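Just so you know, these numbers use all the heavy atoms, side chains as well, and skip hydrogens, waters and symmetry mates. What you see is a predicted model, and the numbers here were worked out from it, not measured in a lab. In the text below, chain A, chain B and the rest are named by the order of the sequence lines, each starting its count at 1.
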Amino acid sequence: MKPYQKFDLLSRERMDSYLGKRGIKGSYRAYRPQKGYGDITFDFQREAVTLDPAEIEALSDRYLTFSAYGKFVNVRYSTHEFSRAVLESALSGELFDFGRRREKILVEHTSANPTGPLHIGRVRNSIIGDTLARMLSRYGYHVTTEYYVNDIGTQVEALLLGTELFGTDNYTESYRKIYENFDTYKAKVEEYMVRAESGDDEFLNSSRKRLEKFLEDVLIDLRRLSIRFDLFVWESEFILNGSVKSIIDKLSPLIRDDNGAKYIESGSEKMYLVRSNGTTVYFTRDIAHHLKKSLEYDDSITVLGEDHKSYFKKLEYAMDVLGVHNVRALFYSYISTKEGKMSTRRGNVVYVRDFIDEAVERAREEILKRRTDLGENEIEEISNKIGTAAVRYHIIKYSPDKPVTFDWKEALNFDGDAAPFVMYSYARAKSILSKVSQESEIVWKFNDAEGALLKQISLYPEVLEDAVVHSRPDKLARFSYDLASSFNQFYRDCPVLDSGDDTQRRIEIVRTFTKTMEELFQMLGIQASDKI
RNA sequence: GGGCUUGUGGUGUAGUCUGGAUAGCACAGGAGCCUCCGGAGCUCCUGAUUCGGGUUCAAAUCCCGACAAGCCCGCCA
């Protein structure tokens, strides 16, 4: 049992047995109190009971210290015993063991139409999705990541037509030109759509080949952020394998007709499946897509911008009709700039590649300021690690449903709650470990500063669980900051090397810290650096 | 018009799901700390729950209503 679990249980048993013996009826709520009140609180506020402080205190022993204030019972875990439990748990590997789960989970993220390089609004999707996938995987699930590539539909056909007419060099511009005069090209776009929908192999293959090139532009940026996909699912698959047709058949009892177009209805909401020209809409193909997910995975999460909320509600309605309940979405709010919503026309789009470049450059400047002992290659490597980590961290650290206003100054501020701080504390720890010359026996005796760091470390399992249960990858970033901060305090108070009896124990504490940090870095997609 | 989301110090945020004690953190501002393993660090100070009702012994947290910001309501994706 992990340290907090073990001590929580011990406290609870002690409390329950006391209540039983005294015949006190009344339930308590147990939670971790705010700082200063100990490690666990039994809250009797709702109950009409009186607790005798002296009797409560008498429940204490060398592991637990009980105290009562009114209807609060606070329990403090012995620094020495708890620290020992944490360090032992870490050394045995138990602290980092979350077991394996049978469930297969699909995480779909990014899935942007490849009409141009990613901007920071879209990359929030990628970073949330990738971090989510990493933490679910660490927690023991069997995770697959998916990029759903649209190779059918109005936007895609417009992109393809645009590049045919105006060239592929600046494909974003070519795409835009179609939309500038959409009426002119509407017939041609529609013709392409019909061809695609008819399952025209030659046409679809050629579409796909060209789209792959544009998609590569998106994937290049993502790779710099250590984001890769297990799976690319092409939308046309659902036309070709007939599943769109079978969806429409399955829904047919509910389908109504509107001049040849087909829709289903829930309340006053109409959900169109088929246009009057016979082609299906994105929605219909997405139903087929999600049906496939539901069959192949136990659970599936799609990362979507908040603008898709009502869309997804409709999709859920359709899935519900089909008896599918294991698909869900994780929504995030937009990133805007101070000038408002990002818009190419207004020239306030921030591309991820620019953000990464700036962050790497900033990291490089900082390194040059403080280090003269590194070679050019090393500087390059470290600035890349720091810069890309800073980008990921800055985007993941906000709660997904919090709207973010992007500000260059803030985004490139490496002081405080930012990746360099966290990476710095890790580098300090590694630096100590690199100087360890000999090992000896651990002397089991902990002081408060050691206890504080170990206690922070011991929160890791419950933080991860909380993040997983609530789909909140931002919590890992926050925890990594708190942990780094705890380490910096420990670093100030506790010399490690050449500290006599304390040395080996502190070395192990530092090792445990770096191990925990590495876990967090792994999930946050940060490449650790021993030197920064 | 209907629906969804957000509102916490000067700024950016955590806590809100599951009500409880002194609302945590960062930036900015002020004051300190290098005879010691890396000062991108550490310590201290200043300063906040949008407004109005309600529920409750107790509300940042739950309910209702305003107000403000964003998003959605297409035979687009």
- Query: ring-ring contact (aromatic ring centres under 6.0 Å, His included) with Tyr272(A): which residues, sequence neighbours excluded?
  - Reply: Tyr263(A)
- Query: CD of Glu269(A) versus C1' of G74(B): gap in Å, rounded?
  - Reply: 12 Å
- Query: Reading RNA chain B 5' to 3', what string of ( ), [ ], | and . shows its pairs, if Watson-Crick and G-U wobble pairs count only when both distances fall under 3.5 Å?
  - Reply: (((((((..((((......[...)))).(((((.......)))))....(((((..]....))))))))))))....
- Pairing residues for His109(A) by the ring-ring contact (aromatic ring centres under 6.0 Å, His included) criterion, not counting sequence neighbours: Phe229(A)
- Query: Is the distance between the ring centroids of Tyr424(A) and Phe421(A) under 6.0 Å?
  - Reply: no
- Item | Ring-base stacking, Tyr481(A) with A26(B) (5.5 Å, 30° cut-offs) | no
- Message: So if I take residues 270-278 of chain A and measure heavy-atom distances to RNA chain B, which residues fall below 4.0 Å?
- Response: Tyr272(A), Arg275(A), Ser276(A)
- What string of B, S and - do you get for nucleotides 5-17 of chain B, 5' to 3', when a contact is any protein heavy atom under 4.0 Å? SSS----SSSS-B
- Who pairs with Glu380(A) by salt bridge (charged side-chain N to carboxylate O under 4.0 Å, His left out), at least two apart in sequence or on another chain? none
- Excluding sequence neighbours, so at least two apart, what forms ring-ring contact (aromatic ring centres under 6.0 Å, His included) with Phe214(A)? Tyr171(A)
- What residues, two or more places apart in sequence or in another chain, satisfy ring-ring contact (aromatic ring centres under 6.0 Å, His included) together with Tyr69(A)? none
- Message: At under 4.0 Å between heavy atoms, how does the protein contact nucleotides 57-62 of chain B? Give one character per nucleotide, 5' to 3', with B, S or -.
- Response: ------
- Task: Give Lys35(A) one of three labels, base, sugar-phosphate or nothing, depending on what nucleic acid heavy atoms sit under 4.0 Å from its own.
- Result: nothing
- Task: For nucleotides C63(B) and U55(B), find the distance between their C1' atoms and express it as a whole number of Å.
- Result: 7 Å
- side chain to side chain contact (heavy atoms under 4.5 Å, CB included) partners of Thr337(A), counting only residues at least two apart: Glu339(A), Met342(A), Asn348(A), Val350(A)
- Item | Pair Asn113(A)-Thr115(A), side-chain donor/acceptor within less than 3.5 Å | no
- Message: Glu180(A): which residues meet the salt bridge (charged side-chain N to carboxylate O under 4.0 Å, His left out) condition with it, sequence neighbours left out?
- Response: none
- Distance between the C1' atoms of A48(B) and U8(B), in whole angstroms? 6 Å
- Message: Base contacts versus sugar-phosphate-only contacts with protein, heavy atoms under 4.0 Å: please encode nucleotides 34-40 of chain B as B, S and - from 5' to 3'.
- Response: ---BBSB
- Ranking Asp482(A) and Asp307(A) by the position along RNA chain B of their nearest nucleotide, the one closer to 5' is Asp482(A)
